[in-house]
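Before any comments, here is the structure.
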Amino acid sequence: MPTYLVEIPHSEKVSECKKVINVFLTSGSHIISHAHWGCKDGIHKMWFIYDFENKESALRAIPPLMRPDAQIIELVKFRVEDVHLYAEE
């Protein structure tokens, strides 16, 4: 199953940080238990890395209110051999 990095930005207001948390909690999405937050360092985004069937499945795990700003990126690991082949092309 593919692994995805999901990034959800929000404004720097403390009330917005709390809003994002509450939206996830009230939506019933279990993904929040896998979230990493940058707020304490001034980067107002949450990230999680999780396995989904596809990007659409990842999007459905995000509450509708957060979907428009979410970025979903498929993560791939390359073997050393793959990197060498890629560099040659």
Side-chain angles (χ1 to χ4, degrees):
M1 196 174 310
T3 300
Y4 292 91
L5 166 67
V6 178
E7 177 182 279
I8 301 174
H10 57 278
S11 79
E12 57 191 45
K13 296 178 186 175
V14 174
S15 61
E16 187 72 13
C17 299
K18 291 178 181 180
K19 176 183 172 186
V20 172
I21 293 168
N22 284 325
V23 166
F24 268 88
L25 290 175
T26 57
S27 75
S29 178
H30 69 286
I31 295 299
I32 195 164
S33 65
H34 298 281
H36 296 269
W37 301 81
C39 304
K40 282 191 174 183
D41 206 25
I43 307 299
H44 292 274
K45 298 179 180 185
M46 70 173 284
W47 301 271
F48 56 88
I49 297 174
Y50 203 77
D51 294 340
F52 293 100
E53 289 183 27
N54 51 43
K55 281 189 178 188
E56 291 76 29
S57 297
L59 190 62
R60 285 194 306 272
I62 301 167
L65 187 62
M66 303 290 141
R67 290 177 189 168
D69 295 323
Q71 206 173 22
I72 302 169
I73 304 152
E74 184 175 355
L75 301 177
V76 178
K77 289 184 181 179
F78 290 110
R79 300 172 303 155
V80 173
E81 299 84 21
D82 298 330
V83 173
H84 287 297
L85 287 172
Y86 189 72
E88 290 174 3
E89 291 180 3

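Predicted, not measured: the structure shown is a model, and the values here were computed from it.
Using a 4.5 Å heavy-atom threshold, the side chains of Val6 and Ile31 count as separate.
Trp47 and Val23 fall into different hydrophobic clusters, where Ile, Leu, Val, Met, Phe, Trp and Tyr are joined by side-chain heavy atoms under 4.5 Å apart, directly or via other members. No path of Ile, Leu, Val, Met, Phe, Trp and Tyr side chains, each step under 4.5 Å between heavy atoms, connects Leu5 with Phe52, placing them in separate hydrophobic clusters.
By the side-chain hydrogen bond (donor to acceptor under 3.5 Å, both in side chains) test, Asp51 is found to be paired with Thr3, residues two or more places apart in sequence or in another chain being considered. Applying the side-chain hydrogen bond (donor to acceptor under 3.5 Å, both in side chains) criterion to Arg60, with sequence neighbours excluded, gives Ser57.
Checked options His44, Glu16, Lys45; the residue passing with Cys39 is His44 (criterion: side chain to side chain contact (heavy atoms under 4.5 Å, CB included)).
Ala61 and Phe24 make their closest contact through O-CE2, 4.4 Å (heavy atoms, listed as atom of the first residue, atom of the second, distance).
To the nearest 0.5 Å, atoms CD1 (Ile43) and CD (Glu12) are separated by 10.0 Å. In this structure, CE in Met46 is found 10.5 Å from NE2 in His34, a value given to the nearest 0.5 Å. We find the CG-CG distance between Asn22 and Leu65 to be 11.5 Å, quoted to the nearest 0.5 Å. Taken from OH in Tyr4 to CG in Leu75, the straight-line distance is 9.5 Å, to the nearest 0.5 Å. Interatomic distance, CD1 of Ile8 versus CZ of Phe48, reported as 5.0 Å (0.5 Å rounding).
Below 30°, between 30° and 60°, or above 60°: for His10 and Trp37 the angle between ring planes is above 60°, a perpendicular geometry.
The side chain to side chain donor-acceptor pair (under 3.5 Å) contacts involving residues 65-81 comprise Arg79-Asp82, where partners must be two or more places apart or lie in separate chains.
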**OP:** Check the pair Val20, Met66 against side-chain contact (heavy atoms from CB on, under 4.5 Å), reporting the backbone distance first and the verdict last.
**Re:** CA-CA 8 Å; Val20 172; Met66 303 290 141; 4.1 Å; yes
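Counting only distance, with no hydrogens or angles, the side chain of Asn54 and the backbone of Glu56 share a donor-acceptor pair below 3.5 Å.
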